[in-house]
Amino acid sequence: MMRTEEGTTVELGPAKDLPHSDDITRPDASPKKEKKKIQFHMANKVKIIPTNRQGQLNTGYLATLPGVLKIAEIALSSIAFILAICSDRRTTTAAWTEHISFECLLIVTGLLLGYVVFPHLTLNDEATREGLIVVELLFYGLNSLLYFISIWLMIICVALTVLFAIDTIFKLKAWRGENEPKTVVVAGNSQA
């Protein structure tokens, strides 16, 4: 029986003996079966960086046109962010430019680091690159529009609009080029 807080008693039923962990004898008296341990070797399952590219940094990407554009976008976005913070923050013009420039600073820095750290993303023959081009195309297109709006707010956004528009055009050309059907003609020498 159990007594509740109100003072009433509740019948719980017959008590059952439960085996305790300190019992010496086991009820089934059979030897303990060993469970098979499952081992996962994730290095064999997931390959983020291809085997022939591990341990490499693609610093050559920084000298290409997309790399230079990204470096310029990072520099100008940080300048626009600093200028927007230093201006009157109660106005919507500074808040708009501050938000857009900080967002671009973070994402473009992430993209640049991604291309340098993961060198297989810059190869033309990799299948994982197509989705990244579409994401970058949408990002650069949208930010070209947002920086065009912020031209009226801060003059430095003119340069950022031009940079993002150029990057949008490059990504659009790359996206169109990847989705074209590719035919390979193999010419064989037949010697008789």
Side-chain angles (χ1 to χ4, degrees), residues 40 42-43 45-180 182:
F40 293 103
M42 294 308 287
K45 305 285 182 191
V46 178
K47 296 235 182 214
I48 295 175
I49 301 176
T51 309
N52 61 345
R53 299 253 177 224
Q54 290 183 354
Q56 297 177 359
L57 289 179
N58 188 11
T59 55
Y61 179 76
L62 300 174
T64 64
L65 184 60
V68 171
L69 283 173
K70 282 182 181 37
I71 292 170
E73 290 162 2
I74 290 169
L76 288 176
S77 291
S78 61
I79 291 170
F81 180 67
I82 291 168
L83 289 175
I85 287 176
C86 292
S87 66
D88 185 14
R89 296 183 76 183
R90 290 175 287 168
T91 62
T92 57
T93 57
W96 175 265
T97 305
E98 179 183 342
H99 171 73
I100 299 302
S101 59
F102 185 70
E103 170 255 338
C104 288
L105 178 67
L106 289 180
I107 292 177
V108 173
T109 303
L111 287 171
L112 183 66
L113 287 175
Y115 280 127
V116 171
V117 173
F118 301 107
H120 66 285
L121 294 177
T122 57
L123 300 176
N124 291 332
D125 56 358
E126 289 292 331
T128 58
R129 191 168 173 258
E130 184 175 336
L132 188 60
I133 286 179
V134 173
V135 168
E136 279 192 86
L137 173 65
L138 293 173
F139 169 74
Y140 285 120
L142 178 66
N143 281 304
S144 295
L145 176 67
L146 295 177
Y147 273 119
F148 180 73
I149 292 169
S150 67
I151 285 175
W152 309 111
L153 311 175
M154 292 185 78
I155 196 67
I156 195 169
C157 294
V158 173
L160 285 163
T161 302
V162 171
L163 283 175
F164 277 92
I166 290 170
D167 235 338
T168 302
I169 292 168
F170 282 132
K171 293 303 172 191
L172 183 63
K173 287 181 179 180
W175 179 67
R176 284 183 180 167
E178 277 193 6
N179 290 330
E180 292 177 359
K182 296 178 182 174

What pair of heavy atoms forms the shortest contact from [X] to [Y], and how long is it?
X: W175; Y: I133; answer: CB-CG2, 3.6 Å
X: K70; Y: V108; answer: O-CG1, 3.6 Å
X: N58; Y: Y115; answer: CB-O, 3.6 Å

inquiry  = When you measure from the side chain of T64 to the backbone of Y61, do you find a donor-acceptor pair of N or O atoms at a distance under 3.5 Å?
reply    =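 Flag set: sc T64 to bb Y61 pair under 3.5 Å.
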request  = State whether the side chain of S87 and the backbone N or O of A84 hold a donor-acceptor pair below 3.5 Å, judged by distance alone.
outcome  =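 Here the side-chain-to-backbone pair exists.
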Atom pair [atom1] ([X]) and [atom2] ([Y]), whose distance is rounded to the nearest 0.5 Å:
X: I71; Y: L76; atom1: CD1; atom2: CG; value: 12.0 Å
X: I149; Y: S144; atom1: CD1; atom2: OG; value: 11.0 Å
X: T168; Y: L172; atom1: OG1; atom2: CG; value: 8.5 Å
X: T161; Y: I156; atom1: OG1; atom2: CD1; value: 11.0 Å
X: L146; Y: T97; atom1: CG; atom2: OG1; value: 10.5 Å
X: I82; Y: S101; atom1: CD1; atom2: OG; value: 9.5 Å

request  = Hey, can you tell me if F139 and F164 have their rings parallel, tilted or perpendicular (30° and 60° cut-offs)?
outcome  =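 Because their plane-to-plane angle is over 60°, the rings of F139 and F164 count as perpendicular.
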query = Given the rule in the side chain to side chain contact (heavy atoms under 4.5 Å, CB included) test, do E103 and N143 qualify, once you have shown the distances and angles that lead to the verdict?
reply = CA-CA 10 Å; E103 170 255 338; N143 281 304; 3.1 Å; yes
request  = Kindly indicate, with the supporting measurements, whether the criterion side chain to side chain contact (heavy atoms under 4.5 Å, CB included) is fulfilled by L69 and Y140.
outcome  = CA-CA 12 Å; L69 283 173; Y140 285 120; over 6 Å; no
key: E73 and its side-chain contact (heavy atoms from CB on, under 4.5 Å) partner, picked from I166, L112, L163   =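 Output: one option passes, namely L163.
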task = With the side chain counted from C-beta on, respond yes when L62 and V68 share a heavy-atom pair under 4.5 Å apart, and no when they do not.
result =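 They are not in contact (no side-chain heavy atoms under 4.5 Å apart), so the answer is no.
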